[in-house]
Every structure is written in C-alpha cells, then in structure tokens.
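Only one structure is covered here, and it is reproduced in the block below.
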Amino acid sequence: MTSTLDASPTTAAARAQEWFAAFEDALRARDVDRAAGLFARTSFWRDLVAFSWNVTTVEDRDGVTDLLRATLDRTDPSGFAVSEPPDEADGVTTAWFTFATAVGRGRGMARLVEEDGGPRAWTLLTTLYELTGREEPRGPARPKGAEHGVDRERLTWSERRERERAELGRREQPFVLVVGGGQGGIALGARLRQLQVPALVVDRRARPGDQWRSRYESLCLHDPVWYDHLPYLPFPDNWPVFAPKDKIADWLESYVTVMEVPYWGGTEVRRAEYDPAAAEWTVDLVRSGPDGEREELTLRPRHLVLATGMSGKPNVPVLPGQDVFRGEQHHSSAHPGPDGYAGKRVVVVGSNNSAFDICGALWEHGADVTMVQRSSTHIVKSDSLMEIGLGALYSEEAVAGGMTTEKADLVFASIPYRVMHEFQIPLYEQMRERDADFYDRLEKAGFRLDWGDDGSGLFMKYLRRGSGYYIDVGAADLVADGDVRLVHGQVDRLTEDAVVLGDGTELPADLVVYATGYGSMNGWAADLISQEVADRVGKVWGLGSDTTKDPGPWEGEQRNMWKPTQQEALWFHGGNLHQSRHYSLYLALQLAARHAGRETPVYGLAEVHHRR
C-alpha cells in the first residue's frame, strides 16, 4: 500500500491536484469506471450525506462503482479544490478539499497512495456541511438584530420569543419533535433552529441539564474539554479539563437559553404512532407545570428523533429475592451518591466506568464496598489516554498547533471503521507499556483485564458495544490495593440481607447498586411506539464487527445512528459530547432538506440483522 515518494510539498500538492482533476473529469463525463479506477484496490469512501443522503461507507472499487452509479447524476458534484497544502508521510499524501453538489457545499479529506503508476485514493471522506438556499445565518450572513426605523406594530425580541413559545405545539406544529433534552437533543435543536426548521425538544425532567444533575455526585466528564464542545458555543478557555456534572448541567441549561432552543421540560411522551398516508406522527404527551398543573397535548410532527442517549435505557437485572431484600437497591443511573452510606455494606454489581466511580465515592465516604466483576474490563489511565490517545487532535497542544475542533472531528471521521483498529492498536500498546506497573498491580489483585478482542482498546470498544471499559481517574487503585473488595461471578439471587453469587458466595449488603449498563436505544422505540417498530428498526449502535456484544455481519457504520432507518421519519441521535456535536450537523441537514422539500433519495439504507 505504501511506497517511497518524494516528500516535498510541491510534489504532494501536484499529486493531489492531479488526482482531483482526474476525479472531477471522470465525474463530469459520468465515467463511473474511470472514477472508480482512481481508487486503490483496497480503499474506503466514507460519505456523510453529500452523495448518499446517508451515513455510509463503501469499500474498494466495486463499492465506489455502486455508489456512483446510484448517486452521480442527481448529486452532480463539481468544483473539487484542494483547500490547504497537502501533507505527505510514509508514502501517503493527505489532502483537504472542498466541492459542491447540486444541493449544497461539501468538504472532505483524501489519503492518496501510489499504485498502478499514479496516485490512487486509499481513503476518501466527503461531507455535506451546507445546503444551498438554506445556509445558516453565520459570519457575514448573521442577522442584523436591530430593526432600524419606526413601526407602530414592532415586536421586541422578548415579545417575538414569547409569541413563538405560545404558538409552538398549538397553532404551529413542529416539523421535528426531538425526544430527549440531553446534550444530543439540545445540540440538534440548536442546529435545526439555525437551519430555520421548526423543531421542539422535550424531556421528562424539569430543567435542561437535569439529566446530569440527577446522577451520582462524583460524576464528571472523563473526556477532556477540547473533545466536548457543543456546536456554536465552545467552552471558555478557562473551563476545566474534566468538568463536574453539575457544571455541565448549568452549561446545558444556559446553552438552551442562549441558542434559543425551543425546549419543553417536565414533558412525558406517552405514545407515538406514524401515519404513512398523512406522512406525520401523532404524539401524545403530558406537560407538568411549576405548580403541579398537568396539560395533555397531541403533537403532529413530520419527523420524530429519539435523542434519549445510548446510555439511556437502563439494564436492570431481574433476580430472585429482590422483593425480600431489606436494604436499598437501584441501578447506577438512579444512584443518589455516597451521602448516607457511611459504615454501610455496599455491593456494586459491575466493573466498568459507573461501577468504579460509585465504588470510589462510596469508599471516600466510609462505606464498606465490594465490587462484583462479571466479565473482563478494559482499563486505561486518564493521563495516558489524554496524552497518547487524544493528544494529537484534542488537547491544548493541538489547539496551539492550529487544530480546531471542527478539523479534529473530520480527521477522526476520515478513518474508516474497517481499519480504525489498526490505528488504535499501537496507541494502546504504548499505554500498556507506559503503565505496566499499574496493570501488574491490578492483575495481582485478581482483576480481570482485557484490551478488546483485538487489542484495539477503549475507542473500538465504545464504538462496537458502548461498554466494557473504565477510564481510570483513581478508583482502580482502591481495587489494586484491596480497599475495595473484588469478587468474581454472576449474581444468582438476593436474600433479606445479602447478595448470593452463582458459586454460593454470600455478600452481606445494605445497598446493592446495579452498574449493569444500558440496552439498545430501540428499546425506547418499543416503549414509546411499539415493539413492531422497534423490531423493524433493529439494534441501535455497533459496527457489526463480530466481536463481543457486536454481532456481525459487518455494517461499517454505527447502526441506525444519525441517518434514515427502516421506519420512515424515525431517527436516532446520541452518543458522547463529541458525537452529539459532530453528527448533529449531518442529521440536521437531512431534516432541513426534507423541510425544504428537496429530493433525498437514500443510498444504502441499512438492513436489519439484529433486533436487540
């Protein structure tokens, strides 16, 4: 795949110019075979909406051929231009570029290699970032704000906002209803507002940010600030690297206000049903007011987005004896924090992020804590992850070197999922070597470690299954030192005052915390719509890598996330702050195009292979 090439900027630039000129010429001539021939025999084209109206990746020349034959005429791409000086390293030329389509403007990145006597694309990323005629009012196009002159019918800004609040959901129906007002829902709500799409975000909690306020008190972001910005409003440059949950909660609430996101708190969605003939949803909900008053409403949006979070549907085990246990028991998502448990015997079932965070906080408050490890866990120290895993893209050093968050997101998006593990494995090998003493101590304490099925570590575990890891911020030392007791096995049952494992081991307990993770997001579709619709959509999340908890066949993208599903007008949005920020753009553009009446034929609508 690589060869020794002249690394001078002129040669890299010439190579990129040659490839894009040839590619555009082939596309203009509608010569699909010639365009596909400009790709390496092993190659990947990832398209985010620009060609496919989908989030999809095609592989090798056959995949490129199929994509272009299905989309080229209507996409009518043109104007490919290298947007900054290309780089060359290890036989790969990396080139950023811009282009236009029949409906909008795009940007992307290509990695070129020498093959068959000329430059060939090894990876190509194409993204749509703007719809022609539906541009965001930003920069030179920002709204004027003041209305100069005299007008007896003038409404102030606050009067216009109040009228909008009074009419939305009553006289005016939202085109998009977003269920879930966490970071994903409000990021999408902000995007849709800037794209002039009538949308409403609803959440059962009273205030924006309550999703964070309601969690255990020691919770903080494990990802660094540079990775976590929201659209339009990056965190201030004095924001802490790892923000506490309540600080994040307050930021989300202020974000909703500043970005003018239409938001209904205290709103419970009771039922949703889609009418294909009318091309609209019927959504029954109940709003609770500040004084306890309740209002029943029915909305009729054209599109329904479930932004309930990939960590939103708790997996709560059903065990014999739960009804006779005399102590407290709850899922980690409902854990109130360590206050009140000093001197209590606590059993935490699980050994991933929430389990460690909760164990650490309980130990600090004087509880007697036992962790039940049911399966192996990948652990990486926070400092090592920040420096080795994220530093090149998301760090103060990256910012100083000119790496913007937007560009970092595109770099990350440009790596095809099929080969991403190959990029990750060397990084985690460095971390394992750097922190060898730490891992040795954990293993001597009996903790069962893993590095993912193929040694690719945390990010691939997250993308494949969304579980099975802990970013260590200190609590792992408690297990290594024996301050938090460690046992292995599956919970068989509860008695009045103990947790009993499958081998008969009894763990006396006053409190049981089930840090047992979360289910697929289509569980929310089953609850709010129907099991039939949930099965029609299928499993949400995972790549089809055929690794633990990510069954094949290979799909190459996150299942059902940020793109059309097998249920018309039903979408899923979520993920961490990085994904909520980055992919909210592409979901918003898909919805805005439909609101504008544009044709949006979807290429590569994913099949359903797994229902749960």
Side-chain angles (χ1 to χ4, degrees), residues 222-224 227 310-311 348-357 359-360 371-395 412 415-481 484 486-490 515-518 541-552 554 556 558 575-576 578-579:
H222 288 180
D223 298 322
Y227 186 76
M310 64 161 294
S311 298
V348 178
V349 181
S351 58
N352 296 336
N353 264 337
S354 293
F356 271 100
D357 283 351
C359 283
M371 173 185 283
V372 179
Q373 186 178 27
R374 301 172 299 158
S375 58
S376 63
T377 302
H378 171 57
I379 296 181
V380 59
K381 292 182 76 66
S382 177
D383 289 347
S384 298
L385 180 64
M386 297 309 108
E387 181 179 331
I388 299 172
L390 290 171
L393 296 179
Y394 302 99
S395 67
F412 197 79
I415 304 173
Y417 287 130
R418 175 75 84 174
V419 297
M420 186 176 284
H421 66 286
E422 297 176 14
F423 288 73
Q424 295 292 307
I425 289 171
L427 303 180
Y428 287 90
E429 288 176 345
Q430 291 180 54
M431 296 181 215
R432 190 195 313 228
E433 181 177 353
R434 169 175 166 163
D435 299 318
D437 292 342
F438 166 73
Y439 294 116
D440 184 59
R441 289 173 53 231
L442 272 172
E443 290 181 326
K444 285 179 177 176
F447 195 85
R448 295 171 181 168
L449 290 165
D450 73 62
W451 292 81
D453 288 16
D454 52 8
S456 58
L458 187 145
F459 280 119
M460 295 311 301
K461 267 203 166 189
Y462 173 73
L463 293 168
R464 291 165 172 171
R465 54 182 281 192
S467 65
Y469 52 83
Y470 169 53
I471 302 174
D472 179 44
V473 293
D477 284 325
L478 297 175
V479 173
D481 295 339
V484 168
L486 176 69
V487 298
H488 300 99
Q490 301 293 326
T516 46
Y518 299 84
W541 205 260
L543 305 172
S545 62
D546 206 23
T547 57
T548 302
K549 296 189 178 181
D550 184 27
W554 177 250
Q558 294 287 324
N576 58 29
H578 156 259
Q579 291 169 309

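Atoms considered below: every heavy atom in the structure, side chains included; atoms not considered: hydrogens, waters and symmetry mates.
- Within the 4.5 Å cutoff, no side-chain heavy atoms of I425 are placed close to those of M420.
- Ion pairing between D440 and K444 holds under the 4.0 Å rule for side-chain N and carboxylate O.
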From CA spacing to verdict: side chain to side chain contact (heavy atoms under 4.5 Å, CB included), D481, R441 = CA-CA 8 Å; D481 295 339; R441 289 173 53 231; 2.7 Å; yes
key: Stepwise side chain to side chain donor-acceptor pair (under 3.5 Å) test for Y462 and Q579   = CA-CA 12 Å; Y462 173 73; Q579 291 169 309; 2.5 Å; yes
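- We find that E443 and R448 are not joined by a salt bridge, their nearest charged nitrogen and carboxylate oxygen being 4.0 Å or further apart.
- Between S467 and K549, the shortest heavy-atom distance links the atoms OG-CD, 4.3 Å.
- S376 is not listed as a side-chain neighbour of F447, based on a closest heavy-atom distance of 4.5 Å or more.
- One finds the CG atom of L390 at 8.5 Å from the OG atom of S395 (value rounded to the nearest 0.5 Å).
- You'll find the side chain of L442 stays beyond 4.5 Å of the side chain of D477, heavy atoms only.
- In this structure, the side chain of D550 engages the main chain of S545 through a donor-acceptor pair within 3.5 Å.
- Residues I471 and L458 are in side-chain contact: their nearest non-hydrogen atoms beyond the backbone lie under 4.5 Å apart.
- Between the CE atom in M431 and the CG atom in L427 there is a gap of 5.5 Å [rounded to 0.5 Å].
- Under a 4.0 Å N-O distance rule, the pair D453/R464 does not qualify as a salt bridge.
- Nearest heavy atom pair, residue S351 against residue Q373, reads OG-CG, 3.4 Å.
- Considering only heavy atoms from C-beta on, N576 comes within 4.5 Å of Y227 through its side chain.
- Side chain of D435 to main chain of V380: no donor-acceptor pair is present (N/O by atom type, distance under 3.5 Å, no hydrogens or angles).
- Using the six-membered ring where Trp is involved, H578 and Y394 have ring planes that are perpendicular, over 60° apart on the 30 and 60° scheme.
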CA sep, side-chain torsions, deciding dist, call: D383, R434, side chain to side chain contact (heavy atoms under 4.5 Å, CB included) = CA-CA 11 Å; D383 289 347; R434 169 175 166 163; 4.2 Å; yes
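- In plain terms, the two heavy atoms of A515 and V348 that are nearest each other are CB-CG1, 4.2 Å.
- A ring-centre distance under 6.0 Å is found for Y439 and W451.
- Using a 4.0 Å cut-off between charged nitrogen and carboxylate oxygen, K381 and D472 count as a salt-bridge pair.
- Contact record, M386 with H222: CE-O, 3.7 Å, taken as the closest heavy-atom pair.
- One finds the CD atom of E422 at 10.0 Å from the CE atom of M460 (value rounded to the nearest 0.5 Å).
- At a threshold of 4.5 Å between non-hydrogen side-chain atoms, the residues F438 and I379 count as touching.
- Taking the ring axis of W541 as reference, the NZ or CZ atom of R465 does not stay both within 45° of it and closer than 6.0 Å to the ring centre.
- Between atom OH of residue Y470 and atom CG of residue N352 there is a gap of 11.0 Å, rounded to the nearest 0.5 Å.
- Shown here is D437, whose CG atom has no more than 12 heavy atoms of other residues, nucleotides or ligands within 6.0 Å.
- In terms of heavy atoms, Q558 sits closest to G542 at OE1-N, 3.3 Å.
- Residues R418 and W554 form a side-chain contact, since some pair of their non-hydrogen atoms from C-beta on lies under 4.5 Å apart.
- With a 4.5 Å cut-off on side-chain heavy atoms, L385 and F459 count as touching.
- When all heavy atoms of G350 and M371 are compared, the closest pair comes out as O-CG, 3.2 Å.
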